[in-house]
Every structure is written in C-alpha cells, then in structure tokens.
Amino acid sequence: MSNTDLSNEETKLSHATLPRGAQWLVGVAAVALGGLALVLGMGIVGAAVIGLLGFLIGYPLWALLVENRRSATDKLVTGLVWTAFAVAVIPLIWLVYTVVSRGAATLSPEFLTYSMRSVTGDEQGGLYHALMGTLIVTGIAAVISIPIGIMTAIYLIEYGKGNRLAKTITFLVDVMTGIPSIVAGLFAFALFTLLVGPGTRFGFGGGVALSLLMIPTVVRSTEEMLKLVPDDLREAAYALGVPKWRTITKMVLPTAIGGIVTGVVLSISRVIGETAPLLVASGFNPNLNTSPFEDSPMMTVPVFIYTQLSEATAKGVEYAWGGALVLFILVMVLNLIARIVGTIFAPKTGR
Amino acid sequence: ANEEPSGSDGEGTLSGTIKGGGASSQEKGQAAWVAGIQDANPDLSVVYEPVGSGSGREGFITGGYLFAGTDSALNDDEGELTKAKEQCGADPIQVPAYVSPIAVVFNVEGVDELNLDPKTLAGIFSGKITKWNDPAIAATNPDAKLPDSAITPVHRSDDSGTQENFTEYLAAAGGWAEEPSGEWPASIKGGEGGDGTAGVVTAMQGAGYIGFMDESAARENDLATVKVQVGEEFVAPSAEAASKILAASKSVGTSDNDMAVEVARTTTEAGVYPVVLVSYLLACPTYENAEDAANVKGYLEYILSEEGQETASEDAGSAPLDREIADKALELVGAIK
Amino acid sequence: MSIQVKDTSIFYGDFKAVEDVTMSIKPKSVTAFIGPSGCGKSTFLRTLNRMHEVIPGAYVEGKISIHGQDIYGPNVDPVAVRRKVGMVFQRPNPFPTMSIYDNVLAGNKLNSKRIKKSEADSIVESALRGANLWNEVKDRLSKPGMGLSGGQQQRLCIARAIAVQPEVLLMDEPCSALDPISTAAIEDLIHELKSDYTIVIVTHNMQQAARVSDDTGFFNLKAAGQPGHLVEFNPTKQMFTKPDNPDTEAYISGRFG
Amino acid sequence: MSIQVKDTSIFYGDFKAVEDVTMSIKPKSVTAFIGPSGCGKSTFLRTLNRMHEVIPGAYVEGKISIHGQDIYGPNVDPVAVRRKVGMVFQRPNPFPTMSIYDNVLAGNKLNSKRIKKSEADSIVESALRGANLWNEVKDRLSKPGMGLSGGQQQRLCIARAIAVQPEVLLMDEPCSALDPISTAAIEDLIHELKSDYTIVIVTHNMQQAARVSDDTGFFNLKAAGQPGHLVEFNPTKQMFTKPDNPDTEAYISGRFG
Amino acid sequence: MTVAADPGADPGVDTKSELSGRGSMGDVVFRGIAVIAATLIMVALAAVFIFLGIEGIPGFSVDEQHYAGQGSFLGLVVPLLYATMYAAVLALIVAVPFSVAIALFISHYAPRRIATPVAYVIDLLAAVPSVVFGLWGAVVLGPYLVPTHAWLSENLAWLPFFDGQPSGNGRTLFTASIVLAVMILPIITSICREVFAQTPRLHEEAALALGATRWEMVRYAVFPYARSGMVSAVMLGLGRALGETMAIAMIVSPKVLISLFIIGTNNPETIAAHIAQGYKESTPDRLSVLIATGLVLFAFTFLVNALARWIVARGRAK
Ligand SMILES: Nc1ncnc2c1ncn2[C@@H]1O[C@H](COP(=O)(O)OP(=O)(O)OP(=O)(O)O)[C@@H](O)[C@H]1O
Ligand SMILES: Nc1ncnc2c1ncn2[C@@H]1O[C@H](COP(=O)(O)OP(=O)(O)OP(=O)(O)O)[C@@H](O)[C@H]1O
Ligand SMILES: [Mg+2]
Ligand SMILES: [Mg+2]
Ligand SMILES: O=P([O-])([O-])[O-]
C-alpha cells in the first residue's frame, strides 16, 4: 500500500456499485410511476412525462446515494442522451409512418408513369412529369453546386488558410445559408426575366435557384471534412515530391471522400424537397416536360405535392402523400448510393 | 403513359402550345377545360399557371401569357389597362368565364344547420360578434342549441380572389367598415388565417370555427355550410343559385371588348345566391402569330361554349354562365385573329 | 549531392526558432543532428527540402544550396526539390486510404506515373525489404497500412520514402518508434544507402549517431524561448572523442550520466 | 500495489494478439517490457488499466488482479481502475484546446474537488518539475499545450499523468520522443517515483530497461500473424546477464549486433 | 541500391534543370480553378444582393396600401423580422439540445447496431420536403397538440408565451416551432455527428486514462475538439429556420404583430411566410415591398453571422 494520504476506501477498486440491471429496476419503477399517474388521470402524455422524469431523476439519484457524484452525473447524462434520442425519434418515426402508410395506398404503376395531362375529376393521374422534373432540376443544381462547392472548400482549406479572401468567402458562405429559399426563387425568376423574357419559368431557373441554396451546404460540409485530414498526411505526400494539386486530388480528397459524399447527398436532400423557390422559378405544369432550357414550366415533386394539396380535395391529399412517399424513396436510394460510395472510399483504418 | 395523344379520339385541328396564367380560383376550371380541349385536339397543349391574378395580368401585359385569368377586372388604377392596350394594340378582350359560389362553412359542436343574415356575417368576421350564442345568431336560428363558446372566424392569410369577392359581399351587405380586398384587413383583431383554400380547410378542424371557401371545396371536405339570407329566405350555396347572379348584375366595362360587371351582391331575388366569385379571362383581339390566334380563339370559344361551362361545373363545381352573357362573350372571342 | 548551408535562420512568424546555421554536408555520407528537445533539429531538417514552407508564416533567411544550386532560388520548384530530397517523419504517417502495397508506391501513384505491374512489384518488394518489413507483410500487401503496429507503420513510411529513390534522404528520428531489431535493420540500411545517397538524420539516441553517421552537428538552446543554434559540426569520431566545444562534451557525457 | 496476471489472452475481435501471459509484478518496483515491434507489449500494457476495452471488439480472457482485487471483476468500475492506474502513451496527446496549465490539471479537475488556486499552482509546478519541463514552460503556462515541440508535449503528458498521483503508472515507450537529457530526467523521475508507485514501462531501448527496471518481461512473436507471448520474466540483472531462454539472449545481444 | 530505376534518379541528368520550376503548371491551374469557384460565390451573392436591391429598394417607399395595413415599411418589417427571429430561436432552443444529444448518441453512446440505422433515418429526414412537414404539422401534429395548448394556457399562463385564449386547432407558432425543430434537427445532428466521430482517439484515450467517465471524456476531449463544427452546424440550422417558408405558411395562422404569445390564433408572421402568401397575387409595387422584406432578412442573416463569427473568434482568443 502506498504511503500517500489516500484512504483505504479510495484505494479499493470495487466501491459499492448499483446492482447489475439497476437501470431495468429503475425503469420498471418509472413505468409503475407513469402507470400511477395515468390512473390518477394525468393522460397518456402526462403519464409518459412523469415516468420519464422518474427514470431520469431516480437512476442518477440512486447512483449518487450508492456510488458517487461523478458516476451519478455520468448516469444522468447517459439517461438524458438516451431520452433525447427517444423523444426526438418519436416525431421522426411518426412522420415517417404517416408518409409511408398514407403514401403507400396511392403508389401504383399508373401513379408513377402517368402525368397530370388532361386529368380531371377522379381520373387516374400521376407524378411521372414531376419526378422527371425533380430529377432534372435537382441534377442541374447538383451539376452547378458540387464542383463550385468542393472547389471553394478546397480553396478555403488548402490555399486560402487565413487570408483575407478566404475569410471573406467563409463569411459569405455563412450568409448564403441564410438566403430564404423563396428569395432564391425570386432571384432566379427575376434573373431569367431579364435574360430570357418576362414570366420565364423553366427547369434551368429552378436549378439555379436550388444551387444557390445547395452551394453553402456543400462548401461547409466539404470544408469540415477537409479539415479532418491530418496535416502530417499532406506533409508525407509533399515530402514524396508530389505537387500540391496532386496531393489534394489524389490523397486529401480520397481520404475525405466518405464525408464529402455524405455531405453532398445531405445537401441534395436539403434542396430536393424545396417548394417555394421552385414554385416561383420553375413553375407549374401538368404535362411532361424534359427540356430544362426551353421556356416552359417544369413540374417538380414538391410543387406537385403543393398543388395537389391546394386542390383541397380527398384525391389531392392522397396524391400529395403519394408524392411525399416517392420523394422519400428517392432520397433513400440516394442515401444508399452515398453510403456505398462512402464505405468504398472511406479510409481503411483496419483497426 | 397518358402523355401520348394516341388514345384520344379528338379530330380537332388545333396544334402547338399556348401558355396562360393567373387567378388560382380558376385552377380547377382551367384543368377541366384544358383536358377537354386537348382531348378534342390531340396536337394542342394548353398550359395554365395558377400564379395569381396579379401575376397573371402582369404576365399578360408583358406578353409572357397569351391569355390570362383574373379575379378582379383589368382597370387603369395602376395603368394596367393602358399597358395591356399597348401590348395588344387594341382594347383587350375581357369576359367573365368562371362563376363559383362561395360557401360559408362552420364547425360548431351540436349544430348541423346555421342560418345567418349578411349583417351578422359581417359582425362575426369583423370580430364584433364573439360568442356562438350571441342574440344576433340566435335570432335567425331559434331551434339550434348554440353553445356559449368563442367564435373563431377563419380568413385567408394569402391574397385571394375568393376573399376579395367575399369581402365585397360583406361590404355591400353593410356592417363591414373595411375596403373590400384580396388581403385580409390588418385592423381586424382576432380570427385565424389560413394559407390557400387548403389552409382554411385544415383550420376548420377546430371547434367553434367559421370560414369561407369555394363551395366545391366545402362539399369535398364535408363541411357544414351556412344558409345566407337573401330577401326573406335563407339560401344554401349551389351552382344553380349562383349562376343567376350575372344576369342581375350591371355592366361596368370600359370598352366594347370589356364585359366586366359589378356583381349584384344585395339582390333580394328569390333563389339567387349572392356570395359568388366572378373571374374573368383576358385575351387580345389580335395576335402577331396566326397559330397563337387560332389556338387562343379555339380555347376561349371552348371555355365559353355550353359544353365547356358544363364540364367545369361537373369537375370544379362552378356555376355555368348565363347563356345570354356567354353568347355575347363568344361573339367577342370569335373575332380574335 | 553535397549540401551547403550558409547563415541560415528560420522563423515561425515572428518567432526565430533557429539562428545562423552554417554547415557543409558531404555527399554520399551520413550526417546526424543531435541536441536537446526543442532546439530546432526538426525545424532545420525541414528547411533542407523546403517542407518548412508548408507551415503558414514560416520562412527562411540565408542560403541553402544542394549540389551548388540554391534551393530557395527564384526559379526553383519546391516540388522538384522534395522529389530529390526525400523525408521520413518522426511520427509514422501511412496514407489511410491506401493498402500497404499502394503506400509503398505512393510516390509514383500520387504523381500518376505509369509503372508496369512487374516493375511495381519489384519496387515494393525491394523497398519493403530495405525497411526490414517484407517478411511481416508480404502476405497482406493489400491490407490497409493503418492496420500495422506503430513500429510497422514507421517502417512502412521508410519503405515509401526510399521507393522513390531520392538523392538525399532526410530522417527525423526515424527509429524513435522502432524496436531494436528494426532499428538495427534500418541502421544497416542507412549504411547501404549511403553509397548512393546523401543522408541526414535527426536522432535523440547518441549511440545511434555514433554508430551510423560520418559527421555530427550538435544544436543547442542558450535558454528556453531563445532560438536554437549550431554549436559544433565535426566528423562524428572527433565529436564523440574530443569535441571542440565544452558544451558538446557536457551534452554527450550527460547521456551517460 | 502488486499486480498478478494469470493465463491472460487478449483479443481484437477474432484476432488473438497476446496469448497466455502469467506474471507477477512487484509493488513499488519498476517492471519493463521489451520485445520486437508488434509483439503485443502495448496491447498487454493497456489491459492493466482496462484501457483495452475502449477499442470496440477488444476483450480479455484470464485474470488480472491488482492488490488482490480482480480488476475485471463484476463490481469493478473501469473508471476507478484508471484513476488508480495512470498511463502515459507512446504518442504525446495533450488536450488541444487546453493551456499547458489546464492540461496538467486535467485529471485533478475531473475529480472536481474544488482546488484552491495556490494548491493548483503547486500541483502544476511539482508535476512539471517532475517531468523536467518546468523551466521551459513556466513563462507560458497559459499558452496551448499543442504549441510545444514533440518532446515537450510528451513531457507535458507525463506531468499530467503524475499530477493525479496514481498508485500504478503505466508508460508506453514514454521516452521515444524525448532527447537524452529529458530521457535521463524521466529515468531519474522513475527512480524517485518507484518509492511510492508501482511502475510498468514498455521500452524499445534495452539500455533503458537495464537502467531503470527491477524486473523485465521479454515478449516475442513466434511468427508474423501469430499472437505474441511472454518468453521470459525475470529480475533485470539476471535477464541481461544470464537469461533463462536462448531467444532472450539472442534478442538482447542483437541489440548490439 | 539497385531498385528499378526512377527516371528522375538518373545521375547523368543536370540537376539545375531538375529543380527549376516547370512542374508547377498543374498547381497554377488547379489553384486558379479553386479561386474562380470561390470568387463565383462572391459573384452569385453580389448578384442576389444587387437584384434584391434593384427590385426591393423601391419597396421602401411605395403607396401606403401595399404595406399590408401597417402604414409604412418599418411598420411592416419590424414585426416580420421579430417573428422570423422569434420562430428561429424557438426552433433552435428545441432542436440544438436534441441534435447534440442524438449526435452523441450515435457517435459515443449507442451500440453500433443501433447507431447506424438511426444515423440513416436521421439523414433521410433532411429530405422530407417542407410541404410534407407543413401538411403533417397542420393536419396531424397541430390537432394532436390542441389539449397541450389548453393545458399550457391553463397552467402556465403566468408565462407571457402562454397567456391567452388557446387555439382550437393547433395552427400556432408553438406547433410550428416544434415542426421547425424537427426540420433542422437532421442538419445539425448529422454535422455534429461527423465532427464528434472524428475526435482523435488519442485525446479520448488521454481523458479515459486519467480516470474520466464517459461523460467527462466527452466534455474534455470531444466537445472542445468539435466546437467550431458545432457552431457551424447550428448556424446552418439557423439559416434554414430563418428562411423556412412553406411549412410555416401552411401551419401557422399568421398576423403581422409583435407578441410573445405562441399558442393562440394570431401568431407573429415571419418574413418568408409573408412573402409566400403575398407573392401569389402580387402587383409590381406589392412585390417590391415583399422583396424589400427579403432584403432585410438577408441583411439580418448577414449580421447574425457576423455576430456568431465574432463570438467564436473571441472564444478562441481566450
Ligand atoms: N509549427 C510551429 N509553430 C511555431 N513554433 C513551432 C512550430 N513547430 C515547432 N515550433 C517551435 O520551434 C522550436 C523548435 O522545435 P523543433 O520541433 O524543431 O525542435 P526539435 O529539436 O525537433 O525537438 P524534439 O527533439 O522535441 O523533436 C520549439 O521551441 C518549438 O516550440
Ligand atoms: N486496434 C487494433 N485492432 C486490431 N489489431 C491491432 C490493434 N492494435 C494492435 N493490433 C495488432 O496487435 C498486435 C500487437 O500490437 P501492439 O501495438 O500491441 O504491438 P507492440 O509490441 O506495442 O509494437 P510496437 O513496438 O510497434 O509499439 C499487432 O499485430 C498489431 O497489428
Ligand atoms: Mg523534432
Ligand atoms: Mg506499442
Ligand atoms: O382561389 P383564390 O384566389 O381564393 O386563391
């Protein structure tokens, strides 16, 4: 034993601990508390809140009594993190459930392959035209935003470090995230009113509006990922006589690619559901239109959903949920692709 | 799959694409007409963008739209008429095309039927009458079990043709101090706003709420509708009752090509429903491009035809135009070249 | 490739890290730098292939020339300098996205040089053998380089540096993460390499300096916060037996104190 | 605090990194582990304070007890184990956002006993002196720890570990980034510390093992890909003069080959 | 050494030419592209500003009738701006703690089997179009929260937020800020999660080896490391909350006013929602007023970002 002033108690590794499965015991007690609250007429939500609070307070409190303050804090935070997760997941799951259950009924081959051309009353229509439009408009936005966004991030991290231009741009990118989406739409609309002619609403305009919203997201996420590539890897490449641009393209980008792809997909996800700017910039069209540069409106899925909703009919609402589900699936597929790409290129730590 | 024109049996000879836009109130009617004309003319595409009356007129004036729909008639308050004249090279054609009853809807527990007179309606919507068991309401509903709960009147939070027509009605009826407008007056306290007809529909989920919307939307969503006092009787909104209003209205057109009317909101004629929306079509008498001229002419003729009005009535719940007025409009439209 | 350093001072922004170094490094020989921690050995080493300048704000005053050519001259491409002057770092830093095989070939691959498969194989094998790593990894060349232990990773980095056959090789405490067997192998390797290359090595292990180097430079700090400076630069034998400077002797004998 | 290790094997998922180690580490002594790179010295060391288990999939079989208490026992809190068994890593890892001062106090702050400013100052000073860093940093205690050179950083980490006065101190090649003067200071420190603490050190420097340790364990690999194992565990004197095992002798003499 | 020859290692080649710069072309070009891309952002932003200026500045002084009954531009924009900030702040108050907790859950607390699908679902949610959020908020969540509204007004009326007649259908700022929080949660979560996961193992282990509990490890090693990433995540979320249009327009029953009350039928109207609702039937004058409010919002985000930047810089300097 040491001759330091540590007491024997402290030296013991196995201080008194909560019994195994203590969290379950507290959990059961919390459920019982909730049940009691329910019986006392608190309502299901009130009862759940009481039960949850019971657990959140009871578990750390027990730990505080039996173990020590630090362990109690740790348990409190753990409980909070789990609770936050559980509570936040409720609306998420609820929403997903609503979209899937209400959308599934509408989904049919016709719904996916018909447009709304000449569709009235209860006739079968679909969102084929909107789906194509969304793919085209989002594609245009991606083609504009991804190169600009990634190259800008490269400039900021690899070249600009700390200089005036880089600081200005970082700031402007932050400001750009604050452009209200409808303003982006108004901008694109006004721009093409000047360039093409009055009232021009077309696919390309929508793409430009969306790219304005997408670029800052791409820049920010790419920037974060590039920052995470350790400098000593760059130095290792430089020391091998590799020019900076090759170091960036062949080493830095591949190392960060997993995160970059995730960021890009997230930014696509962020704009693919934008309604207001598309309503303004690429307009409304019940017909299929696949030429983004022609001066004729192009339908997109969010606008389809919005117009169907504003019909305020049962069929319109049904189609709106169907459109929501389709958009959802689209993004799911995108995410899946991103995930696969991400894992293929992710750094192979092997540990 | 429905994009290919092959399936249709139309033998019309119109072809090409025309684009118009404007009042969202006409959206459903336009959808019906577009479907009808495209079925008859498989090579024709008509696009109507429901961007709002103001944008529709703007688009028409700048040449972006070949024709436009508007809830308020084109006038020169902001110089629009002059600009339209310049664009067309002549007095623009303006004809009523779409008449639709506006239903006042309510959601009060235990009350299935409600009769209201115009003054009481104005009192409710201006926030002066605040309880469902107010004597003014009880007076016209002696049998109803009116609760002692708050009234929440629902208006449109966006700029709306329906709203403009509804407030015109309230103003004409008296007891409404505000200027009729598509935008809800900011001075009225309380009440609730909804974005678009859909917004009002969702708002109507609340108990104690009262609102107004296109009659077809009220029917679609199974909302109880108020019977409005006209003369001595209480009239429910219906297409037939609404279609009678134009004949009773007086013309306020600024030119031979302009058929704008002032709707007779205060009529006491039996069987007429005065809470209606009247929406117009705008077109030029001449177009530079002969194909455009033929297409616009063909489309507008179809809209004003008996068949066209009937189709809209079925699909959109609008009131078919009085034939006399429709024939006069057809004459104007028929002269397009 | 002889290296001439004249009146060179090195700065990190306002902070002068190394002051007024003058030395002449002989071609095809091993030169070792020793000195206490923080005296600027790494800093100085990095100026020899212009790696110094990747740190923002860092700059060099004075003249450094390799084979008679000023490497900080106006027309000189730092990339070309680094291709001729390879480097191994203190902390192993294999490329995380690459396999062991690709890591060894990184110098070629990152520069997009086309190499035949057979040629690539032989470069990889000889470089890995040189770094005494071949036997341990020959069966898992396609596994990621990050999966190796610390010592294995450092040997991989050495293999990567020698695979591009630089003419000068700078090593910053290359053995500090290696076990004695690997260390001995690297030391042997250094002996072999010096018949072709000029080698400069920083080491905190004086025995290593004594074993492998022909010349030794001793850096020291006058006081904390002061710039480091070169105290003595002499043939290793002389340095370890009768150094010119009493500080050198103190430091070297301190090793065994 | 004596440490008893019995039939312990260590796994990374399916991969058995270390096999069947049994040893008894004496209290208040210095025990050194030597062996070739990749033989599992670091891995074994990390199991002694349950740092091993922070790697997903890693687990331990066998029994390790400190002062008679099974540290993998059912009621044992790994946090408590780590507080008693401090650790210094191979690569310096000061907290990047903290000043030098806060880095030293990081462990004490965790216990968030309010420490008086004067007390904190004296803890910081004595820990930094112990790590032979005080003179270099005393004027810039509020500067970030990352601004130091590699050797200075490592000494800062040692200061941080001894500031919480653990009872056992594990060191994984703590001097591999240090210059000889600092190394000598750390070695002196180890001598001092062993009157209070049990010290276990991994080193690739056999002279260091010979100088500082009372007992030495020699780990080896039968072949690449095979688990490492303990070849011999004996008093250092015996180990370096007449080892039991011929492999040990080969390894130790290889050092000087 | 006799490794296969590297062409550059040929001893016969004159070193002079080898060191002089000719290989730098690629660097110049690549750097040029990067600079152009970065500059493009400035150009685009300047274009938006100029456009908003040209189209919007006339809106500062048009006929009174175009200011939605508020009499003047200031009378209109001040309450709108207030509401925009208010809604965004409410959403952030709800979303940030949850986002950080979920990000931590995924990166440090949950077993991997749970963490991966959870991360996936959260990412997916970023893609739900705002109209769907609006629909869900107005049709599903709002009515569901009606009893909550009633409860709040009964029991917490001493707080100005809940002091008044509660809404009967949940179309309130209260509902909207929850929906807004759900909308920005995935954005904040996914960025925080990435930066949390990238905390160097070395630092985490340093903390653990000092006897830190998991929470202490997070506080000592993870949060300090992730701070700037977290700030930018929050800024992204704030940006989206400030600019969100459709969901708010669809859920909230709006009115141009300044009030803290968030559970009634008259809720402060945000700039974006005001633009969306006015835009549909706008005349040129009205449109320029709307664009002018957009300009104000834009200028405001400018200020907020400058402020955030200043705060971060100050925090770092300490
Ligand atoms: N990137 C940097 N920015 C500012 N100062 C630095 C930087 N790198 C090192 N220094 C400082 O420069 C001086 C020399 O550091 P250097 O790393 O060259 O020492 P060293 O001799 O290599 O030490 P060691 O043996 O510990 O590696 C030290 O005072 C150090 O704090
Ligand atoms: N996190 C990990 N996951 C999987 N395998 C690992 C991990 N860490 C180490 N290993 C493997 O376990 C074995 C022992 O590694 P360890 O780092 O303990 O060796 P070491 O003796 O400390 O070597 P060195 O002297 O190079 O530090 C090696 O084969 C290594 O590849
Ligand atoms: Mg160094
Ligand atoms: Mg090790
Ligand atoms: O049809 P609205 O004009 O009322 O939208």
Side-chain angles (χ1 to χ4, degrees), chain A residues 70-71 73-74 77-78 80-81 84-85 88 91-92 95 98-99 148 151-152 154-155 159 169 171-183 186-187 190-191 212 215 217 220-221 224 228 243-246 259 266 269-270 272-273 275-276 302 305-306 309 320 324 327-328 331-332 335, chain E residues 23 26-27 30-31 33-35 37-38 40-42 44-45 48 51 55 97-98 101-102 104-105 109 120-121 123-132 135-136 140 182 185 190-191 194-195 198 213-215 229 232 235-236 239 242-243 245-246 272 275-276 291 294 297-298 301-302 305 309:
Chain A
R70 294 175 56 213
S71 159
T73 313
D74 191 47
V77 174
T78 306
L80 280 176
V81 165
F85 160 72
L92 302 185
L95 182 72
T98 315
V99 170
I148 292 183
M151 288 310 289
T152 301
I154 287 175
Y155 175 76
Y159 290 105
I169 301 231
F171 178 63
L172 292 184
V173 167
D174 282 351
V175 171
M176 224 170 160
T177 62
I179 297 182
S181 55
I182 190 157
V183 169
L186 286 173
F187 166 71
L191 181 70
L212 222 49
I215 286 175
T217 332
R220 290 319 296 263
S221 56
E224 291 300 332
L228 295 173
K244 191 161 184 167
W245 72 280
R246 280 190 192 279
L266 199 72
S269 308
R270 185 219 187 289
I272 206 170
T275 318
I305 296 171
Y306 184 67
L309 277 179
L327 207 52
F328 213 74
V331 174
M332 212 141 75
N335 265 281
Chain E
D27 262 333
F30 192 75
R31 189 198 163 94
I33 296 174
V35 172
L40 258 176
I41 287 192
M42 279 167 86
L45 209 62
V48 174
F51 148 77
E55 303 276 315
F98 279 110
I102 296 178
L104 265 187
F105 179 79
Y109 279 83
Y120 186 61
V121 169
D123 276 355
L124 267 187
L125 274 155
V128 177
S130 40
V131 274
V132 175
L135 177 64
W136 178 74
V140 183
V182 178
L185 186 130
S190 62
I191 295 178
E194 291 286 351
V195 287
Q198 299 290 348
T213 59
R214 184 154 51 173
W215 165 237
S232 71
M235 290 310 293
L236 271 183
L242 287 175
T245 314
M246 291 332 269
I275 296 176
I291 291 177
L297 175 51
F298 197 22
T301 46
F302 209 100
N305 274 296
R309 197 152 278 274

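The sequence lines fix the lettering, A, B, ..., with proteins before strands; numbering per chain opens at 1. Here the structure is a predicted model, which means the values were calculated and not measured.
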| task | Given side-chain contact (heavy atoms from CB on, under 4.5 Å), test Val183(A) with Phe298(E) step by step and report yes or no. | result | CA-CA 9 Å; Val183(A) 169; Phe298(E) 197 22; 5.9 Å; no
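- Here the CG-CZ distance, from Leu92(A) to Phe98(E), works out to 10.5 Å after rounding to the nearest 0.5 Å.
- When all heavy atoms of Leu212(A) and Ala44(E) are compared, the closest pair comes out as CD1-CB, 4.2 Å.
- Using a 4.5 Å cut-off on side-chain heavy atoms (C-beta onward), Pro243(A) and Phe30(E) make no contact.
- Closest approach of Thr275(A) to Ser130(E), counting heavy atoms only: OG1-OG, 3.8 Å.
- A pairwise comparison of heavy atoms in Ala38(E) and Tyr155(A) identifies CB-CD2, 3.9 Å as the closest pair.
- Contacts of Ser190(E) with chain A are made by side-chain atoms alone, with heavy-atom separations under 4.5 Å and no backbone atom involved.
- Qualifying salt bridge (Lys or Arg N to Asp or Glu O under 4.0 Å) partners for Glu224(A), counting only residues two or more places apart in sequence or in other chains: Lys227(A).
- Of all heavy-atom pairs spanning Ala276(E) and Ile182(A), the tightest one is CA-CD1, 3.5 Å.
- Per-residue heavy-atom pair counts under 4.5 Å with chain A were compared for Val140(E), Val48(E), Ile102(E), and the maximum is reached by Val48(E).
- Of the atoms belonging to Ile275(E), heavy atoms from both backbone and side chain fall under 4.5 Å from chain A.
- With chain E as the partner, the residue from Ile148(A), Leu95(A), Ile154(A) showing the most heavy-atom pairs under 4.5 Å is Leu95(A).
- Put simply, CZ on Arg31(E) and NZ on Lys244(A) are 7.5 Å apart, with the number rounded to the nearest 0.5 Å.
- Both the backbone and the side chain of Ile33(E) have a heavy atom closer than 4.5 Å to some heavy atom of chain A.
- Only the side chain of Phe51(E) comes within contact range of chain A, with at least one heavy atom under 4.5 Å from a heavy atom of that chain.
- The choice from Leu45(E), Leu242(E), Val132(E) that makes the most heavy-atom pairs within less than 4.5 Å of chain A is Leu45(E).
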| Step by step, would you call Tyr109(E) with Val77(A) a side-chain contact (heavy atoms from CB on, under 4.5 Å)? | CA-CA 10 Å; Tyr109(E) 279 83; Val77(A) 174; 3.7 Å; yes
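- Heavy-atom pairs under 4.5 Å with chain E peak, among Ile272(A), Leu191(A), Leu327(A), at Leu327(A).
- Of the atoms belonging to Val195(E), it is side-chain heavy atoms, and not backbone ones, that fall under 4.5 Å from chain A.
- Of all heavy-atom pairs spanning Arg214(E) and Asp74(A), the tightest one is N-OD1, 3.6 Å.
- With a threshold of 4.5 angstrom between heavy atoms, Leu309(A) approaches chain E through side-chain atoms but not through N, CA, C or O.
- Heavy atoms of Ile169(A) lying under 4.5 Å from chain E belong exclusively to its side chain.
- Ranking Val99(A), Thr98(A), Asp174(A), Val331(A) against chain E, the residue ahead of the rest is Asp174(A), based on heavy-atom pairs under 4.5 Å.
- Taking each heavy atom of Val131(E) and Pro302(A) in turn, the nearest pair found is CG2-O, 4.0 Å.
- Separation of atoms CD1 (Ile179(A)) and CG (Leu297(E)) is listed at 10.0 Å; rounding is to 0.5 Å.
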| request: Report the C-alpha separation of Trp215(E) and Thr73(A) in whole Å, then their side-chain angles, then the decisive distance to 0.1 Å, and conclude whether the side-chain contact (heavy atoms from CB on, under 4.5 Å) test is met. | output: CA-CA 8 Å; Trp215(E) 165 237; Thr73(A) 313; 3.7 Å; yes
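- Contact annotation for Met42(E): both backbone and side-chain heavy atoms come within less than 4.5 Å of a heavy atom of chain A.
- The distance from atom CD1 of Ile291(E) to atom CZ of Phe187(A), rounded to the nearest 0.5 Å, is 11.5 Å.
- Between the side chain of Asp27(E) and the backbone N or O of Trp245(A), at least one donor-acceptor pair lies under 3.5 Å.
- Remark: Ser221(A) pairs with no residue by the side chain to side chain contact (heavy atoms under 4.5 Å, CB included) rule, at least two apart or across chains.
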